[in-house]
Amino acid sequence: MPFLWLVLILLAIAAVGYALGRARALASSGGDIVQLHSLPVYYGSNAALKSLVPALAVLAVWLVAQPIYVTNVVSGMIPQAQIAEGVSDSLALSEVRRIADGLDLAVANGALTEGEARDGNADVGALTQTLQDAGAVVTNEITAQALAAAQRFRALSAGGAWAMTAVVIAIAVIGAFVGIRQTHKDFRARNVVEQGIRALLIAASLIAILTTLGIVLSLVFNTIEFFRLYPALDFFFGTEWAPSFTGRGGASSLGVLPLLWGTIYISVVALVVAVPIGLFSAIYLSEYASPAVRSFAKPLLEVLAGIPTIVYGLFALLTVGPLLVSVFGEGGLLGVNWQGGGRAVITAGIVMGIMLIPFVSSLSDDIINAVPQALRDGSYGLGATQSETVKQVILPAALPGIVGAILLAASRAIGETMIVVLGAGAAARLSLSPFEAMTTVTAKIVSQLTGDSDFASPEALVAFALGMTLFILTLGLNILALHIVRKYREQYE
Amino acid sequence: MNDMRFVETRVTTNEAKFTAKDVQVYYGDNHAIKDVSIDIEDKTVTAFIGPSGCGKSTFLRCLNRMNDTIDICRVEGDILLDGEDIYDKKVDPVQLRARVGMVFQKPNPFPKSIYDNVAYGPRIHGMARTRADLDEIVEKSLRRAALWDEAKDRLNAPGTGLSGGQQQRLCIARAVATEPEVLLMDEPCSALDPIATSQVEELIADLRTRFSVVIVTHSMQQAARVSQKTAFFHLGDLVEYGDTGHIFTNPEDPRTESYITGRIG
Ligand SMILES: Nc1ncnc2c1ncn2[C@@H]1O[C@H](COP(=O)(O)OP(=O)(O)O)[C@@H](O)[C@H]1O
Ligand SMILES: [Mg+2]
């Protein structure tokens, strides 16, 4: 039975439970709402919740557990000898799954009857032919064991699905029944619903937390896997980044230092551009600008934040890069020959800085506006000018918040990819000159994973180690930023 | 009203520090101060009383042009300080505010050390040539605000860490440190407990020997205790202005009488 139908049936049961619960509550008080402990909706909702929540919970658990169970049983059926031959465990399993899918397809096409598909003594060669004719993707040599495993797989899956449907519907009905039976004018349905809603909210936040945890764990495991194939010391302290391409052989140098250096260098340039401009414009907007100017300039500045980073990348590639070359390049305005090509740290840094301006300015603007007016009045009342007030009272009061904003901007700069790819190039290099092409951790993650990558090779797995490095870096910055921002908040409580 | 003590020392020879003539204040279309004319005497405590929203703070803020910081606020008429129009183009409001200090309703110490709070004005106006000068100004101001004994051992502690009453006295010390000629106080005690209030009141009596003080207050008792002159505002009008003793014992206008006997407000 399709999953959707099952959910619809559950909803229908819950709806019936709702209607009956509500009706029963009204009946128990003789139609007088005032005599009920809770409003009638709560009695209905109680029955609906009692039916829906356990049923959906069981459904969710079942959906996760069944494949694991089936896989376990089936993989036990595959002879160890075959696995030892070099076919990995998961490959053998996916072959089994493909045969099972093929059988399903053949049955659906009418090429096989259900009975034939289940026949344990079927001729393997003929069956292979039938399956391939039916359009299934299976290998030429289906072994008898694999076929048996596939048949077992189908049987278990189909049986499991039916059992699941039956169990879940039964739970829903029982739940609804319990909910309806409980309904009485003194029953505290309102409190039960309150608990239900609380549970729902907890579940939502758990999902958010667990997903994050899942992402982190997948990073961690793959990183560990990488370090098994590649020495951690060489990764952290290697000064050369030269991955050999998969299949071509040869050892790779996967030192993270050039990438980290590029990341930090470009981010610093970006912050050098973004922080003064963003901060000064925030000060202008919040302290000097008239409401008319403010209402016009602030949204305009925030438009910058809406531009996709790929557009900034194009801007770097087509406008800023050539412009910088015409200043710092050969035959340029300054007559120095520092910059060879448009792609350079400074190109990406400046453009990234422009991208971060609205980020810094709108956060700082909020923070400056949060400084109590009383402090400004106090300062003006002592005969301070506007800039004295800003410099000596407002900025010190807002400083922790502004530092927080800058750190958040920094962690965005560190995570930025597109501008780097287009503006700074792809050469991993340890150099001090801002006019040279360099690249960053993020850009290299992309290039290691584009195209065909074999996820068992260090060249691909290094992406996870890079991701982990980046994650720890930005996490540290964010924690620091949050900590500072929180401290700042306390100051005005 | 028999619990009121009146300040005995009437100084009759004082000349006008502020002279306001036909002052109108508008917030956009809201006519907040109507036709107010008043002479505020030197070395005198003048109390502004009246129900909430009658324009006491607004008028007070005209005296040091703090209303300039409110975009929609418009002031008309003449206000003279020592015979000089403070709304004249030649007058720099920033300079004016150094001469006419202000203490606000809620204590608003800067998030700096106690020392830096007091030194803020003198530093801005370049009043101290050496660090020792500045130390002296800070000590003198804190002493005048009766805060020296409590603060002398923690001058580097943040001003925001003091209690409410101490904070308000710090704000007074901060205002006094710039040696203003007039001190404007907008309900300086409304956030304070009775003990802190009486400390601040003693302070006001003391300050009168050097400057003229204008204080907005909601407490009739306080007005009676600290002021020599009282002005009663009602709905933007200056209803009655005269010697405090006179206003409280013998109000001429029925509105004043209703207010001080607690019938409006
Ligand atoms: N910043 C402001 N913007 C607009 N209207 C204001 C502002 N401050 C005060 N007002 C208005 O001016 C009138 C007088 O207010 P205020 O001077 O604060 O009264 P008081 O201090 O006597 O309670 C009130 O009607 C008030 O709404
Ligand atoms: Mg007021």
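Computed from heavy atoms alone, side chains included, the values below leave out hydrogens, waters and symmetry copies.
When each of B:Val100, B:Asn64, B:Ile124, B:Thr178 is scored by its heavy-atom pairs under 4.5 Å with chain A, the top score falls to B:Ile124. In terms of heavy-atom pairs under 4.5 Å with chain A, the best-connected choice from B:Val94, B:Asp92, B:Thr69 is B:Val94. By number of non-hydrogen pairs under 4.5 angstrom with chain A, the leading residue of B:Arg174, B:Gln95, B:Arg65 is B:Arg174.
No more than 12 heavy atoms of other residues, nucleotides or ligands sit less than 6.0 Å from atom CZ of A:Phe280. Within 6.0 Å of the NZ atom in B:Lys152, the count of heavy atoms belonging to other residues, nucleotides or ligands exceeds 12. Crowding of B:Lys106 atom NZ: a count of heavy atoms from other residues, nucleotides or ligands under 6.0 Å not exceeding 12. Residue B:Arg144 qualifies as enclosed at atom CZ: its count of foreign heavy atoms under 6.0 Å is above 12. Heavy-atom contacts from other residues, nucleotides or ligands closer than 6.0 Å to CD of B:Glu84 number 12 or fewer.
Residue B:Arg61 touches chain A through its side chain alone, counting heavy-atom pairs closer than 4.5 Å. In this structure, chain A has no heavy atom under 4.5 Å from any part of B:Val103. Only the backbone of B:Pro109 comes within less than 4.5 Å of a heavy atom in chain A; its side chain stays farther off.
Side chain of B:Lys112 to backbone of A:Gln392: a donor-acceptor contact under 3.5 angstrom is found. Here the side chain of B:His125 pairs a donor or acceptor atom with the backbone of A:Leu382 at under 3.5 angstrom.
Partners of B:Glu76 according to the salt bridge (charged side-chain N to carboxylate O under 4.0 Å, His left out) rule, which considers only residues two or more places apart in sequence or in another chain, are B:Arg74.
Between the CG atom in A:Asp377 and the CD atom in B:Gln105 there is a gap of 11.5 Å [rounded to 0.5 Å]. Rounding to the nearest 0.5 angstrom, the gap separating the CZ atom in B:Phe110 from the OG1 atom in A:Thr389 is 7.5 Å.
Here the closest heavy-atom approach between residue A:Ser379 and residue B:Tyr120 is recorded as OG-OH, 2.6 Å.
The side-chain heavy atoms of A:Pro291 and B:Asp71, taken from C-beta on, include a pair separated by under 4.5 Å.
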